[in-house]
Amino acid sequence: MKIYKVKVNGKSYRVELESIEQVASEAVTEAKKEEKKAAAPVVSGDGNKVESPIQGTVVALKVKVGDAVKKGTPLVVVEAMKLENDVVSPFDGTVSEILVKKGDNVTAKQVIAVVK
């Protein structure tokens, strides 16, 4: 941060300026921290809960209860801002519950399925 003295219409002002590169790198670092937090799967005693990463509308269910899934298998499609996003299983296992249906509105971090 640098401090400058600026004169405007005969009046002096003290101004502090930050480097744009410094502010941008701090923002990127903070975004990466948030991304890592969001990527961590939620595990409970009764199974692995799969959360919606975004707010939107469920437009398709790709699996049904009892289906065996591998890590990365699409479970549900959520539409947000005219874009369809696959919500994938972060674990291997069997789908024990699907907590949403086509047409439901979901919020970010809402549990949408359980994989055991």
Can you tell me how far the NZ atom of Lys49 sits from the CG atom of Leu99, to the nearest 0.5 Å? 9.0 Å
Taking side chain to side chain contact (heavy atoms under 4.5 Å, CB included) as the test, write out the residues that go with Thr107, two or more places apart. Gln110
Should Val50 and Val115 count as side-chain neighbours, where that means a heavy-atom distance under 4.5 Å? yes
Val65 reachable from Val69 in the ILVMFWY side-chain graph, under 4.5 Å edges: yes
Lys109 vs Glu51, side-chain contact (heavy atoms from CB on, under 4.5 Å): CA-CA, chis, key distance, verdict: CA-CA 5 Å; Lys109 301 198 184 254; Glu51 298 177 340; 4.0 Å; yes
Leu61, Val76, Asp104 screened by side-chain contact (heavy atoms from CB on, under 4.5 Å) with Ile112, the one that passes: Val76
Can you give me every donor-acceptor pair (side chain of residues 83-95, partner residue at least two apart or in another chain, under 3.5 Å) with its distance?
| from | atom 1 | to | atom 2 | distance (Å) |
| --- | --- | --- | --- | --- |
| Asn85 | ND2 | Val78 | O | 3.3 |
| Asn85 | ND2 | Leu83 | O | 3.2 |
| Ser89 | OG | Phe91 | N | 3.2 |
| Ser89 | OG | Phe91 | O | 2.6 |
| Asp92 | OD1 | Lys71 | N | 2.6 |

Qualifying residue, where the test is side-chain contact (heavy atoms from CB on, under 4.5 Å) with Val100 and the options are Val58, Asn105, Leu75: Val58
Besides Tyr13, the hydrophobic cluster formed by Ile, Leu, Val, Met, Phe, Trp and Tyr side chains linked at under 4.5 Å, directly or via other members, contains Tyr4, Val6, Val8, Val15, Leu17
Are Val106 and Val77 co-members of a hydrophobic cluster defined by side-chain heavy atoms under 4.5 Å apart? no
All heavy atoms of Ala80 vs all of Ile54, minimum pair found to be CB-CD1, 3.7 Å
The reported gap from CG in Asn48 to OG in Ser96 (rounded to nearest 0.5 angstrom) is 9.0 Å
Which heavy-atom pair separates Ala108 from Pro53 by the least distance, and what is that distance? CB-O, 4.0 Å
